[in-house]
Number of protein chains: 2
Amino acid sequence: MGRELHRVQDGATSLPTLADVAAMAGVSRQTVSNALNNPSLLRADTLERVRAAIAHLGYTPNRAARNLRTKSSRLIGLRLTPFAEDTANATIDRFVHALVQATRAADYHVLLFDGNDPADPSSGYDDLVRSTAVDAFVVTDTFKGSPQAAYLEDGGVPFVAFGRPWTPAALHPWVDVDGAAGTSAATAHLLAQGHTRIAWIGWRKDSPIGEDRRAGWSRTMHGHGLPTTGLASRVEDCVASGVEAAGVLLDEARPTAFVCASDTLATGVLHQLHARGLRPGRDVAVTGFDDAPFAQLLPGGLTSVRQPVEEVAVQVVDRLGKLLTHREVFASGTLLEPTLVVRGSSER
Amino acid sequence: MGRELHRVQDGATSLPTLADVAAMAGVSRQTVSNALNNPSLLRADTLERVRAAIAHLGYTPNRAARNLRTKSSRLIGLRLTPFAEDTANATIDRFVHALVQATRAADYHVLLFDGNDPADPSSGYDDLVRSTAVDAFVVTDTFKGSPQAAYLEDGGVPFVAFGRPWTPAALHPWVDVDGAAGTSAATAHLLAQGHTRIAWIGWRKDSPIGEDRRAGWSRTMHGHGLPTTGLASRVEDCVASGVEAAGVLLDEARPTAFVCASDTLATGVLHQLHARGLRPGRDVAVTGFDDAPFAQLLPGGLTSVRQPVEEVAVQVVDRLGKLLTHREVFASGTLLEPTLVVRGSSER
DNA sequence: CGCTCGCACTAGAACGTTCCAACGGTACGT
DNA sequence: ACGTACCGTTGGAACGTTCTAGTGCGAGCG
C-alpha cells in the first residue's frame, strides 16, 4: 500500500513529486519540503496531514533536484586501486565494507572510482568534485609520498585521510592506527613467551608506515635492554622477500622469533620455516600485521596485529560530517589502537 | 593551466557553467551542450571555439543538473553485505574491484550501499531507485532464494545479476560462472593424477550453487565409470565443518582426494590432514573453489577453481548499458568458464 | 488603540542542465 | 521563381527541489 508508482495516462510510470504531495495535503511545496527537512517548523496537525500524503503517494525526494539546489550530493568518493593478488592485504576491502556501514548512519553513500593511473594523482578526483558528483573524499593511500593529499589540499577539496600525513606541512583531518603500538604489543607478547632474540622483517626505509611499525619493535626491545643489531631486515612487501629475509636472518642471527610488518612477509617466514622443517610457534614464533582472513585459516593460525577498521570508518565519517557542515578545516588527527590477535604461530 | 577555479567577488569559489562557456565562445548554451554530447552537430570551427572556451575555463558539466534533466545518474548500485571474517570468500571483493574498472570504461560509477538487513530485500534498493540516486543495480546474492531479484523484477527496476536465476520464472539478464565446469575440471585433473577415490565436500542441498558444483564432480566421476556412493558430504560453509567432514570421509570411505565447493571447506580438509600428519598433495590431494588470496599463500599452495570476475564485470556492465539504452528487457544470460589453478595441494 | 513581534505558511526565483520548437540561410528539385 | 528540405544554431521551457523574501494573523505591550 502506498508503494505503487503513480501512473500517467500513456501507461508509462512516473514518480510523485513535491507538488503532488502538496496538492494532496492542501499546502505549498515549501511546506512539504519543511515537513521533510525541518519538521519542527510545522504545526502538529499540518505535519500529520503532509506525512499522510507522503505515505499515501509513496513519495521519495528526488536526489538530483535536491543535489542541484543544495550543491551537495551526500556521496563520499573512494578511490579503489586494482585488486592486489599476490599480497595478503585485505585491509582495504575490510575498510570498504566498514565505510559502507558507517556512512549509512550519516545518510551518506560511498561512490567508488578507479585508481588505475597512479601517475596522475588528480585523475578521477578532479572531475568528480568539479562535477559535484561527490561532496568529499576518503583518501587511503597517503603512504606513497601522498601526492593526492597535497593535490586535494591545494584545490580546497574536502577530504579525510585514513593514514597520517607523513609530510610535515599537511593540514587535513586524518584517522590512523598506531602501527608502532601494534608491533610493540607483538614484541612484548613474544618477550613474555620467553623469546629474547626477536628479529624484524619490514619494508624499505622510504615507507613511513614501515618505519613506524619498526619503531614499535625496536623501542620495546631496547626497553627490555635487548639489542637489535643485526636482527632487522628491510625488503619488498612480497612472499618471496619474506622467505629470503627469514633465511638470511636464521643463518646469520639465529632469532627464535620474527615480528613482521605485514601478513605477507609473515607468510614468507612461515614458508621458510616449513622448508627447514621448523614448526611455527614451537620452534620459531612469528607475528604478522593486518590480520588478513588467511591468518586465522592457516593450520595453527598466524598471530597478527588487527587494525580496527570499523572504528576507523566511523571516525572518518564523523570527521567528514563535521568538515562538510561546519566548513572548518582543522587539521586534527586521531590515532587508534590496534589489537594483537594471538594464534598458534606464536605460542608453544 | 585552465584548471583554476573561477573566483567571484567575495572570495568564495564557484565553478564555471554552461552559460559562462557560451558567453566566452559567443554561442548559445545549447550549442555548448551539443559540443559535449553531440559534437557532430556543430560546424568544425564552432566546435573548436567552444572547446577552447571549455579548456580555458576548466569547465566540467554539473552532474546534478544533468541528472535532473535526463533522469539518470550514471550510477550503478551494489549492495555490500558486512565483511565475512570466518570464510575465505574474497570473490565479492575481487568483483567490486573489477566492477569499478569495468564501469569506468562505460562512464558509470559504482555506488555502494548497505545490506545489513537481509530480512527486507527491498531495504535500500527501493529508496535509491525512487530517488533517482542510481540507474540500475548489480545483484550478487541471487543464491538464497533471491528475494531481491523477484522484488526488483516486480518493481520494474533495471538490474543485472551476477549469478543465474535459480527460480524458473525469472526474466532478467544475468552473467554467471559455470561452477559445474570448474569442479569437473578439478575432478578431471585429479583423475589424471591417478586418483580414483575422489570425495566431495559441498554445501547443503538447498543451495543451487552448491548442487551445481557438485554436479560437475559427480558427472565427471560417472563419466569415468567411477562410483560416488558414500563419497559425498554436505555441510555448512565453514572451516570446522570441513574438518569434520574430511575426518568422517577419511575414516569411512578412504578417499585419496577431495574436491571442495569452497576454499573455506578445502581449508578444513587441510587442517584435518595436518592433524593426521598427512601431507597435502603427496598423501591426499585437495582442491578448493574461488581461489582466495590465501590459496596461493599457503605453504605449497591450494589448487582452486578461479572465477573470471573481471570478465563477469565487463559482461555485467555491457548488459547494463544495453538495458539502460534500449530499454529492452531480454532475459538472456551468459555462462563463463572458470579456470583451474593447479598448486601443490593436488600434485605429488 | 496602534505598534511590533513571532508563528505558520506561501509565492516566486534560482540551481545548471537538456528538451523542444523554431529560426535564418543555403541548396535543391520542379 | 517558388516550395521544400536540411543544416547549424538559438531562446525559452522544463526537470524537482530549496532559498529568499515575504504574507496574514494573533498575541503582547506601551
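Everything numeric here is computed off the predicted structure, so don't read it as measured data.
- Residue order along DNA chain D, read from the 5' end via each residue's closest nucleotide, puts R49(B) first among S33(A) and R49(B).
- Taking the six-membered ring where tryptophan is involved, the planes of Y125(B) and F137(B) are perpendicular, since the angle between them exceeds 60° and thus also 30°.
- Of all nucleotides in DNA chain C having an atom under 4.0 Å from a heavy atom of chain B, the first and last in 5' to 3' order are dG16(C) to dC20(C).
- One can place CG of L41(B) at 10 Å from C1' of dT9(D), the figure rounded to the nearest angstrom.
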**OP:** Apply side chain to side chain donor-acceptor pair (under 3.5 Å) to the pair T334(A) and R319(A), showing each step before the final yes or no.
**Re:** CA-CA 10 Å; T334(A) 306; R319(A) 276 163 193 283; 2.7 Å; yes
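- The pair D107(B)-R74(B) meets the salt-bridge criterion, with a side-chain N (NZ, NE, NH1 or NH2) lying under 4.0 Å from an Asp/Glu carboxylate O.
- Side chain of T103(A) to main chain of L99(A): a donor-acceptor pair is present (N/O by atom type, distance under 3.5 Å, no hydrogens or angles).
- Per the geometry, CG belonging to L36(A) stands 7 Å off P belonging to dT18(D), to the nearest Å.
- Within 4.0 Å of L18(A), counting heavy atoms only, lies at least one base atom of the nucleic acid.
- T31(B) comes within 4.0 angstrom of a nucleotide base, judged by non-hydrogen atoms across all strands.
- Straight-line distance from the CZ atom of R43(B) to the C1' atom of dC7(D): 10 Å, rounded to whole Å.
- Residues of residues 66-77 of chain B having a heavy atom closer than 4.0 Å to DNA chain D, listed by number: L68(B), R69(B), K71(B).
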**OP:** Could you check I92(B) against L80(B) for side chain to side chain contact (heavy atoms under 4.5 Å, CB included), going step by step and ending with a plain yes or no?
**Re:** CA-CA 9 Å; I92(B) 181 66; L80(B) 205 62; 4.1 Å; yes
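- Here D45(B) does not pair with R49(B) in a salt bridge; the nearest charged N to carboxylate O distance is not below 4.0 Å.
- Aromatic rings from F113(B) and Y108(A) are positioned such that their centres are separated by 6.0 Å or more.
- Mapping A65(B) and Q30(B) onto DNA chain D by nearest heavy atom places Q30(B) closer to the 5' end of the strand.
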**OP:** Start with the C-alpha distance between V177(B) and L335(B), add both sets of side-chain angles, then the distance that settles side chain to side chain contact (heavy atoms under 4.5 Å, CB included), and finish with yes or no.
**Re:** CA-CA 5 Å; V177(B) 175; L335(B) 206 52; over 6 Å; no
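- Looking at heavy-atom distances under 4.0 Å, R63(A) makes no contact with the nucleic acid at all.
- Computed from coordinates, the N62(A) CG to dA14(D) C1' distance equals 13 Å when rounded to whole Å.
- Side-chain atoms of V139(A) and V160(A), non-hydrogen and from C-beta on, never get closer than 4.5 Å to each other.
- Note on the helix from dC1(C)-dG30(D) to dT30(C)-dA1(D): angle between the axes of the first and last five pairs equals 50°, rounded to 10 degrees.
- Counting to the nearest Å, the P atom of dT9(D) and the CZ atom of R29(B) are 16 Å from each other.
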Original post:
Yes or no on side chain to side chain donor-acceptor pair (under 3.5 Å) for S73(A) and N67(A), after CA distance, side-chain angles and deciding distance?
Top reply: CA-CA 5 Å; S73(A) 62; N67(A) 295 350; 5.4 Å; no
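- Panel note: side chain H97(B), backbone T81(A); a donor-acceptor pair is recorded below 3.5 Å.
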